K.L.:
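Encoded as structure tokens, here's the structure I'll be asking about.
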Protein chains: 4
Amino acid sequence: MGVVKSKRMPRAVREQQMLDAAVEIFGQRGYMAASMDEIAELAGVSKPLVYLYLNSKEDLFTACIRREAAALTEAVRTGVRTELPADRQLWDGLLAFFTHTSRNPPAWSVLHLQARIHGEAFAAEVAAMREEIVAFVTQLIVVAAREAHRDPDLPEREVAGLAEALVGAAESLAAWANATEGVTARQSAATLMNFAWAGLGNLMEGRPWTLRDVPTEGTPMQVG
Amino acid sequence: MGVVKSKRMPRAVREQQMLDAAVEIFGQRGYMAASMDEIAELAGVSKPLVYLYLNSKEDLFTACIRREAAALTEAVRTGVRTELPADRQLWDGLLAFFTHTSRNPPAWSVLHLQARIHGEAFAAEVAAMREEIVAFVTQLIVVAAREAHRDPDLPEREVAGLAEALVGAAESLAAWANATEGVTARQSAATLMNFAWAGLGNLMEGRPWTLRDVPTEGTPMQVG
Amino acid sequence: MGVVKSKRMPRAVREQQMLDAAVEIFGQRGYMAASMDEIAELAGVSKPLVYLYLNSKEDLFTACIRREAAALTEAVRTGVRTELPADRQLWDGLLAFFTHTSRNPPAWSVLHLQARIHGEAFAAEVAAMREEIVAFVTQLIVVAAREAHRDPDLPEREVAGLAEALVGAAESLAAWANATEGVTARQSAATLMNFAWAGLGNLMEGRPWTLRDVPTEGTPMQVG
Amino acid sequence: MGVVKSKRMPRAVREQQMLDAAVEIFGQRGYMAASMDEIAELAGVSKPLVYLYLNSKEDLFTACIRREAAALTEAVRTGVRTELPADRQLWDGLLAFFTHTSRNPPAWSVLHLQARIHGEAFAAEVAAMREEIVAFVTQLIVVAAREAHRDPDLPEREVAGLAEALVGAAESLAAWANATEGVTARQSAATLMNFAWAGLGNLMEGRPWTLRDVPTEGTPMQVG
DNA sequence: GATGAATGAGATTTCATTCAT
DNA sequence: AATGAATGAAATCTCATTCAT
């Protein structure tokens with residue numbers, strides 16, 4: 001009766017349990033402060049088994065980063081349908097992003113905070129994921145420009161900077177939202193969408209960005 | 001000619017040297033990976049002297065955070081003149097911010113990355129500084145709204161979210177700029193100013209934010 | 001032939017070896033001067049293993065005190081049969097006490113000297129043991145008074161003081177006997193028994209305490 | 001107005017201040033745990049001055065022991081008049097001893113506890129003092145035996161043991177009295193005097209030791 | 001497949017002690 | 001006479017990692 005701590009599980013399952021534990025601990029303590037002892041204990045296995053499967057602390061951390069990076073990009077990719085208009089794609093992407101990060105705070109901590117701090121090797125793993133997202137946003141901006149008028153005079157470098165700023169803002173907001181009580185993924189997405197699309201200037205003059213069919217909670221993003 | 005490594009210096013001077021070294025090492029290695037040995041060596045003193053003056057690794061780190069937070073807020077405060085229009089104030093603030101962070105990359109790493117990761121106590125030190133800046137931006141938005149029209153219907157909470165997003169974007173951009181070759185403070189400020197003030201929508205329709213008297217390098221800023 | 005330094009022993013055994021070594025070193029050097037390095041070396045293990053099992057220098061010291069205190073009280077308890085007359089009980093107790101302390105000089109040093117010096121926490125551990133012994137002696141005095149005459153007019157507080165003095169004398173004698181060549185446990189017990197029971201006054205007037213059936217070596221305790 | 005912390009004092013005075021501070025700290029913390037920093041601070045001088053005058057921690061500790069040992073023996077010597085009867089001499093000596101130790105707890109801690117623990121050299125310093133006292137007591141016993149009857153059949157070795165036990169009991173009682181609230185020097189002396197002179201046996205049969213002219217507080221020591 | 005036993009290397013921190021003034 | 005500045009050496013403790021079963 002009760003939860004039986006079954007032994008002898010297939011390797012794939014054990015590995016996932018270990019990664020779950022590792023993400024949890026790395027997210028809470030940070031890479032250096034996390035101890036393999038604690039991770040093994042939380043995973044419910046002995047330390048040597050962790051080493052047998054994941055090889056070293058570094059490899060374990062890298063495995064965490066890879067798994068969570070893949071999960072996040074997959075979530076965003078799934079949320080976006082490229083046949084829709086650019087602003088709608090951005091909205092859907094943001095919503096998927098904030099939804100995922102808000103559901104996996106330790107994972108987001110690992111990707112956003114920990115991985116960047118501890119060595120170039122780890123940072124590079126995250127950078128790959130990030131570039132994929134930046135590329136997606138960059139392309140969105142280009143498409144939107146094309147949709148808006150026939151003369152796309154935004155130089156490439158400028159577009160890159162804007163995408164960077166937008167992604168950076170999203171990352172910061174995600175961390176802030178996780179740390180702040182009562183902020184929903186939808187609210188975060190709405191705030192950022194307004195900020196990015198309409199700009200403060202427009203917002204203040206009463207002309208926020210609007211998108212039909214999207215039920216909203218944030219104030220300035222008005223449902224038409 | 002050259003720096004003479006003089007011995008027996010007054011305490012105040014030595015303390016600054018130690019803090020310089022500590023910011024450098026903490027910025028590079030992170031709090032946990034930084035060793036007191038390395039810091040002492042870089043400061044050109046023995047480890048016991050570091051402990052005598054700064055007391056402990058924690059206290060040393062806190063002292064770094066305090067000094068750099070004070071320096072950054074001071075730099076921004078000095079750059080802004082509150083009698084000017086809101087957008088000009090934002091521009092000046094951003095310029096001062098990016099100028100300071102680009103000149104002190106390790107200091108910015110300590111404030112932006114390290115301090116947030118290692119314990120609530122450290123994070124709180126930074127949070128105080130951050131709140132000061134967020135408050136400044138929040139007030140700018142309110143003032144700008146008042147300048148734009150008499151009916152400021154942006155609810156308080158929304159304004160807070162926008163300020164958060166803007167500051168977050170600036171922080172991210174600063175880190176990115178430090179890590180990317182050839183990005184000037186002025187460019188960063190311009191990119192973010194456009195992004196924040198005009199919004200992507202306006203930008204793409206050829207209506208970027210402009211400010212007279214400000215010579216710029218970034219492209220879309222400064223229309224004709 | 002000889003002691004094979006076998007590796008990989010069960011935890012319980014290793015812990016006892018560590019405690020043996022710790023008592024030895026703490027007894028010789030004192031708590032502060034004893035180094036975990038030396039203890040680990042004498043125990044034939046690495047320092048981390050000592051920490052893994054015993055947790056900290058403080059905990060290790062406490063474990064030593066507890067073990068030795070228990071051993072000593074057990075030795076005394078075993079030596080005394082409560083159905084015998086009071087003076088015989090005292091004699092048996094003293095003999096057991098001096099026998100045990102003379103066989104484990106470092107243990108006695110730990111209990112009598114070290115534990116009292118280094119912090120109230122340690123002293124309290126010993127105080128518990130000591131109180132047990134003082135209580136035993138106190139009760140002996142009361143019983144003896146009852147046996148001697150029906151009117152026990154010794155006030156409680158006075159009895160406590162006497163018990164304290166007797167136990168204190170025994171403790172001192174034990175330390176002195178350990179430091180002095182050629183003093184047997186039996187001699188110490190006899191000296192103290194005479195001192196305590198008959199008093200100097202009686203002794204000097206040729207009326208020492210005597211106990212039938214007890215072969216003695218000390219002079220004044222004459223076999224009647 | 002207020003205590004003026006005068007500088008430039010004659011060496012002899014400064015040295016006494018340092019010894020005062022050292023006895024205080026050594027008594028509280030123990031030899032190892034006491035830090036020269038703390039001693040210098042309590043003495044109101046800089047550390048190098050302590051080294052200039054007292055040379056080293058060891059020498060400082062030895063100086064403390066010497067001073068306090070001399071003070072204690074002097075106090076006992078002064079309290080005893082050798083022309084009086086032996087038991088009166090013992091009483092006076094005990095009273096002087098307990099009075100002195102109760103007035104200088106840190107000094108007594110240094111002599112009784114600290115000095116014995118930390119190295120043979122220190123212990124030897126105390127041993128010299130102790131031997132002087134033991135010799136005094138030994139002689140008292142011999143004299144008393146002579147007074148009591150003409151046939152002193154107590155062998156020398158036995159007398160030595162008895163003196164040792166008596167002195168040991170006194171030492172223990174002194175420490176206990178210092179640690180216990182409300183125990184006066186007179187009470188300690190009375191308890192021990194009864195214990196030593198009459199013995200438990202006599203006490204319990206209602207025949208305590210008595211001394212004319214000595215006002216008492218302890219119960220069994222009755223003024224005839 | 002899984003683990004209890006064990007360790008080498010290195011972290012922070014403290015302290016007695018000395019130099020230069 | 002007196003001190004602020006500075007350090008070498010050593011202490012406790014932690015951790016990633018491996019061995020033997």
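All values reported here derive from a predicted model rather than from experimental measurement. Within every chain, numbering begins at 1; the chains are lettered A, B, ... in the order of the sequence lines, protein sequences first and strands thereafter.
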K.L.:
Rounded to the nearest angstrom, tell me the gap between atom CG in D:L54 and atom C1' in F:dA2.
P.N.:
15 Å
K.L.:
Kindly say whether, by distance alone, the side chain of B:K57 makes a donor-acceptor pair under 3.5 Å with the base of E:dT13?
P.N.:
no
K.L.:
Given atom CD of A:E41 and atom P of F:dA16, what is their separation to the nearest angstrom?
P.N.:
14 Å
K.L.:
Assuming nearest nucleotide by heavy-atom distance, tell me which of C:S46 and B:E58 is located more 5' along DNA chain E.
P.N.:
C:S46
K.L.:
Name all residues meeting the side-chain contact (heavy atoms from CB on, under 4.5 Å) criterion together with C:A71; count only those two or more places apart in sequence or in a different chain, and write none if there are none.
P.N.:
C:E68, C:H100
K.L.:
Residues two or more places apart in sequence or in another chain: which of them pass ring-ring contact (aromatic ring centres under 6.0 Å, His included) with C:F122?
P.N.:
C:Y31, C:F61
K.L.:
Expected output is a numbered-order residue list: members of residues 29-40 of chain C with a heavy atom under 4.0 Å from any atom of DNA chain E. What is it?
P.N.:
none
K.L.:
Between C1' on F:dT18 and CG on A:L52, what's the gap in Å once rounded to a whole number?
P.N.:
12 Å
K.L.:
Taking only nitrogen or oxygen atoms into account, show me every contact under 3.5 Å that the protein makes with nucleotides 19-21 of chain E, one pair per line with its distance.
P.N.:
unit_1	atom_1	unit_2	atom_2	d
E:dC19	O2	B:R8	NH1	2.5
E:dC19	O2	B:R8	NH2	2.8

K.L.:
To the nearest Å, how far apart are D:Y51 OH and F:dA6 C1'?
P.N.:
14 Å
K.L.:
My understanding is that only residues two or more places apart in sequence, or in another chain, count here; which of them pass side-chain contact (heavy atoms from CB on, under 4.5 Å) with A:L49?
P.N.:
A:R14, A:M18, A:V45, A:S46, A:L52, A:Y53
K.L.:
Which residues satisfy the side-chain hydrogen bond (donor to acceptor under 3.5 Å, both in side chains) test with C:R67, sequence neighbours excluded?
P.N.:
C:Q16, C:D20
K.L.:
Among residues at least two apart in sequence or on other chains, which ones pass side-chain contact (heavy atoms from CB on, under 4.5 Å) with D:A22?
P.N.:
D:F26, D:I39, D:L60, D:C64
K.L.:
State, to 0.1 Å, how close B:A115 and B:I65 come at their nearest heavy-atom pair, and which atoms those are.
P.N.:
CB-CD1, 3.6 Å
K.L.:
May I have the distance from A:L49 (atom CG) to E:dG4 (atom P), rounded to whole angstrom?
P.N.:
11 Å
K.L.:
Taking donor-acceptor contacts at under 3.5 Å, does the side chain of B:K47 reach the base of F:dT7?
P.N.:
no
K.L.:
Taking the nucleotide of DNA chain F with the closest heavy atom to each, which residue, A:S56 or B:A12, is nearer the 5' end?
P.N.:
B:A12
K.L.:
If I compare all heavy atoms of C:A33 with all of D:M32, which pair ends up nearest, and what's the gap?
P.N.:
CB-SD, 4.2 Å
K.L.:
Rounded to the nearest Å, what distance is computed from the CD1 atom of residue A:I25 to the P atom of nucleotide F:dA16?
P.N.:
12 Å
K.L.:
Let me know the distance between CG of C:L60 and P of F:dA11, rounded to the nearest Å.
P.N.:
16 Å
K.L.:
Between A:R14 and E:dA2, is there a contact of a side-chain N or O with OP1 or OP2 at under 4.0 Å?
P.N.:
yes
K.L.:
What is the minimum heavy-atom distance between D:V50 and D:A40, and which atoms define it?
P.N.:
CG2-CB, 4.0 Å
K.L.:
Output the rounded distance in Å from CZ (A:F61) to P (F:dT17).
P.N.:
14 Å
K.L.:
Stems in DNA chain E: runs of 3 or more consecutive Watson-Crick or G-U pairs, distances under 3.5 Å?
P.N.:
E:2-21 with F:2-21
K.L.:
Specify the closest pair of heavy atoms between A:A63 and A:L19, including all atoms of both residues, with the distance to one decimal.
P.N.:
CB-CD2, 3.8 Å
K.L.:
Taking only residues two or more places apart in sequence, or in another chain, which ones meet C:E24 in a salt bridge (charged side-chain N to carboxylate O under 4.0 Å, His left out)?
P.N.:
none
K.L.:
Applying side-chain contact (heavy atoms from CB on, under 4.5 Å), name anything that partners A:E38, two or more places apart in sequence or on another chain.
P.N.:
A:I25, A:R29, A:S35
K.L.:
If a pair satisfies salt bridge (Lys or Arg N to Asp or Glu O under 4.0 Å) and one of its residues is in residues 40-62 of chain B, list it, with sequence neighbours excluded.
P.N.:
B:D37-B:K47
K.L.:
Looking at every strand, decide which applies to C:R11 at a 4.0 Å heavy-atom threshold: base, sugar-phosphate, or nothing.
P.N.:
sugar-phosphate
